[in-house]
Structures are given as C-alpha cells and as structure tokens.
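Remember, it's a predicted structure, so these values are computed and weren't measured experimentally. Only this structure's heavy atoms are used, side chains among them; waters, hydrogens and symmetry mates stay out. The chain is numbered in sequence order, starting from 1.
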Amino acid sequence: MARPREFDEERVLDAVMETFWRNGYEGTSAQDLVDATGLGRGSLYAAYANKDGLFEQALLRYRKRSRANADRLRREGSPTQRLRELMVDVVKADRNAPEQRGCLATNSAIEMAGRDPRVADLVRQNFAILARGIEETVRRGQATGEIRPDADAAVLALFILNAVQGLRVLAKTTRPKDRGKLTAIIDQTLAALT
C-alpha cells in the first residue's frame with residue numbers, strides 16, 4: 001500500500017505549474033522546482049517520477065484555467081459579448097502580469113509539442129476544452145441571430161480559438177503603445193462572425 005503524501009499536493013502542483021509557466025520546460029531546472037515547492041528533490045521525484053512527470057502534472061493542472069474560461073463563456077448574456085470578454089481578458093491578463101508569460105498550453109505547444117507526442121496530446125486536450133466552450137457560445141449566438149447561422153459552428157469555434165491563442169502570443173511581445181492593435185484584432189475577429 002502506497003504511503004499518503006505528506007505535503008499539500010494542491011500547493012505543490014500550483015508551484016510546479018507556475019514555475020514551468022514562467023520558465024518553460026527547458027528553462028526549468030530541478031533546483032527551480034525544489035525552490036518553488038519547498039520539497040526535496042527525492043520527495044518530488046518519488047511523487048512524480050521525474051521532470052517530465054512534473055511537467056505533465058503542470059499541464060493537467062492548467063486545465064482548470066481552460067475550464068474556467070469555458071465556464072465563463074456559458075454565463076447568461078450576449079454570446080458575442082462573452083467572446084469579446086474572453087479575448088479582452090486574455091490581453092489584460094498579460095498586460096497586468098508582472099511577467100508577460102502568455103498561455104502555458106500555447107507556450108508548451110511552441111516549445112515541446114513538435115518533439116513530444118505526450119505534450120502535444122495534453123496541449124490538444126487543453127485547447128479542446130476551450131474550443132468546446134467557444135463552439136457552444138457560437139451555437140447560442142447562431143440561435144439568437146447574433147452570429148450568422150449559415151456558418152459551421154465548429155469551424156467558427158476553431159477560428160476564434162486561433163484568434164485567442166494568437167492574442168496570447170502577441171500580448172507577450174506587444175509594446176504598451178501598440179495595445180490598440182490587439183483590440184483591433186478582437187474587433188475584426190468578432191466582425192467576421194456576423
């Protein structure tokens with residue numbers, strides 16, 4: 001019988017996620033993870049096998065954010081307004097963060113997915129959560145006439161997801177004086193739905 005973990009797993013996984021999110025996979029050392037969690041290397045690796053296992057846990061943990069974004073889209077109100085809020089919030093999150101770190105799933109796709117099928121699968125799962133929420137929102141918008149009803153809702157959802165992920169990348173590098181360009185992308189994305 002396995003011994004129960006003698007640490008706050010929620011806190012540890014949050015610290016692991018934040019560390020990988022800030023530094024990326026390659027930029028995160030075992031010592032960084034030890035420092036962030038307050039656990040010894042032996043305890044970390046006994047619980048999560050290795051750095052890859054910890055990175056996998058970080059991506060699984062990040063799903064909470066994807067689910068929260070999808071849930072926010074499902075709230076009452078105008079579907080196009082919910083989509084606008086999602087995109088605006090993405091831009092604001094990076095603008096207000098001390099570090100412009102973007103999206104952990106997007107960062108992981110860029111850094112690792114091309115060479116690690118497990119990471120690619122975890123990133124796809126994260127994207128799929130948000131894509132489902134977007135597609136539901138598009139369908140609601142089509143039912144109310146806010147979004148053109150003749151378009152394929154699944155294709156529109158991928159179009160919007162692409163815009164959201166692109167905004168996350170651009171928000172990491174856009175200078176404050178150019179932030180209006182990100183708003184223009186949001187406006188153009190939403191205009192394409194009508």
Side-chain angles (χ1 to χ4, degrees), residues 17-18 20-22 24 58-114 117 119-194:
M17 181 185 72
E18 291 292 331
F20 280 119
W21 196 354
R22 184 175 48 259
L59 287 172
L60 290 169
R61 189 87 175 151
Y62 193 73
R63 286 184 188 178
K64 287 176 129 179
R65 291 175 182 268
S66 299
R67 285 188 192 107
N69 282 330
D71 289 344
R72 284 188 8 234
L73 288 170
R74 294 178 179 114
R75 292 185 315 207
E76 293 289 321
S78 161
T80 53
Q81 186 58 37
R82 291 292 164 258
L83 293 169
R84 173 178 286 285
E85 288 170 2
L86 172 67
M87 289 185 273
V88 167
D89 287 350
V90 162
V91 171
K92 279 184 182 175
D94 260 342
R95 186 176 61 221
N96 297 335
E99 311 164 322
Q100 292 179 320
R101 58 189 183 171
C103 165
L104 178 61
T106 303
N107 297 347
S108 300
I110 293 166
E111 181 184 8
M112 302 268 308
V119 170
D121 187 50
L122 290 167
V123 168
R124 269 192 300 275
Q125 291 171 28
N126 260 294
F127 289 166
I129 291 166
L130 186 54
R132 277 191 300 275
I134 293 170
E135 185 176 344
E136 290 170 15
T137 306
V138 166
R139 289 185 190 285
R140 279 196 332 273
Q142 288 175 319
T144 63
E146 283 185 54
I147 296 173
R148 62 179 198 260
D150 60 325
D152 183 320
V155 171
L156 285 181
L158 290 175
F159 170 72
I160 296 164
L161 178 67
N162 185 60
V164 168
Q165 297 312 118
L167 284 166
R168 286 179 161 154
V169 173
L170 289 173
K172 288 175 66 167
T173 60
T174 300
R175 295 179 300 226
K177 70 181 184 115
D178 295 328
R179 293 285 179 181
K181 293 177 182 177
L182 300 177
T183 303
I185 293 169
I186 294 168
D187 292 340
Q188 189 60 49
T189 301
L190 293 172
L193 305 180
T194 58

### Task
Go through the structure and list residues passing salt bridge (charged side-chain N to carboxylate O under 4.0 Å, His left out) with E135, not counting sequence neighbours.
R139

### Message
Applying side chain to side chain donor-acceptor pair (under 3.5 Å), can you list everything that pairs with N162, at least two apart in sequence or on another chain?
### Response
none

### Task
Can you see which heavy atom on L86 is nearest to which on L130, and at what distance?
CD2-CD1, 4.2 Å

### Query
Who pairs with R101 by salt bridge (charged side-chain N to carboxylate O under 4.0 Å, His left out), at least two apart in sequence or on another chain?
E18

### Query
Of all heavy-atom pairs between A70 and G133, which one has the smallest distance, and what is that distance?
CB-CA, 4.1 Å

### Message
To the closest 0.5 Å, what do you measure between CD1 (I185) and CG (L190)?
### Response
12.0 Å

## Note on the structure
Interatomic distance, CG@L167 vs SG@C103, rounded to 0.5 Å, equals 11.5 Å

### Query
So how far is it from R65 CZ to I129 CD1, rounded to the nearest 0.5 Å?
13.5 Å

#### Entry: Pairs where residues 103-112 contributes a residue and the test salt bridge (Lys or Arg N to Asp or Glu O under 4.0 Å) is met, not counting sequence neighbours
none

### Message
Would you compute the distance between atom CD1 of I186 and atom CD1 of I160 and round it to the nearest 0.5 angstrom?
### Response
12.0 Å

### Query
Quick one: ring-ring contact (aromatic ring centres under 6.0 Å, His included) pairs with a partner in residues 62-84, sequence neighbours left out?
W21-Y62

### Non-neighbouring partners of I110 that pass side-chain contact (heavy atoms from CB on, under 4.5 Å), sequence neighbours left out
T106, V169

### Query
Going by heavy atoms in the side chains, are T174 and K181 under 4.5 Å from each other?
no

### Query
Can you name the closest pair of heavy atoms from V119 and S108 and give their distance?
CG1-O, 4.1 Å

### Task
Go through the structure and list residues passing side-chain contact (heavy atoms from CB on, under 4.5 Å) with K64, not counting sequence neighbours.
E10, R61

### Query
Which heavy atom in G102 sits nearest to a heavy atom in N107, and how many Å separate them?
C-ND2, 4.4 Å

### Message
Looking at I134, is its backbone amide N or carbonyl O close enough to the side chain of R82 to form a donor-acceptor pair, meaning the two atoms are under 3.5 Å apart?
### Response
no

### Query
Who pairs with D71 by side-chain contact (heavy atoms from CB on, under 4.5 Å), at least two apart in sequence or on another chain?
R74

### Message
Using a strict threshold of under 4.0 Å (side-chain N to carboxylate O), is an ion pair present between R75 and E85?
### Response
yes

### Query
Among all residues two or more places apart in sequence or in another chain, which pass the salt bridge (charged side-chain N to carboxylate O under 4.0 Å, His left out) test with R22?
none

### Task
Check A105 against L59 and note the closest heavy-atom contact, atom names and distance.
CA-CD2, 4.5 Å

### Task
Please identify each residue that fulfils side-chain contact (heavy atoms from CB on, under 4.5 Å) with A128, with sequence neighbours left out.
R132

### Task
Output yes when a side-chain donor or acceptor of E136 lies under 3.5 Å from a complementary backbone atom of L73, and no otherwise.
no

### Message
Considering only residues two or more places apart or on different chains, which pairs with a residue in residues 183-194 satisfy side chain to side chain donor-acceptor pair (under 3.5 Å)?
### Response
R84-D187

#### Entry: Worked check of side-chain contact (heavy atoms from CB on, under 4.5 Å) between V123 and M112
CA-CA 10 Å; V123 168; M112 302 268 308; over 6 Å; no

### Task
Using the salt bridge (Lys or Arg N to Asp or Glu O under 4.0 Å) rule, collect all pairs that involve residues 163-177, keeping only residues at least two apart or in two chains.
R175-D178

### Over all atoms of both residues, closest heavy-atom pair of L161 and A131
CD2-CB, 4.0 Å

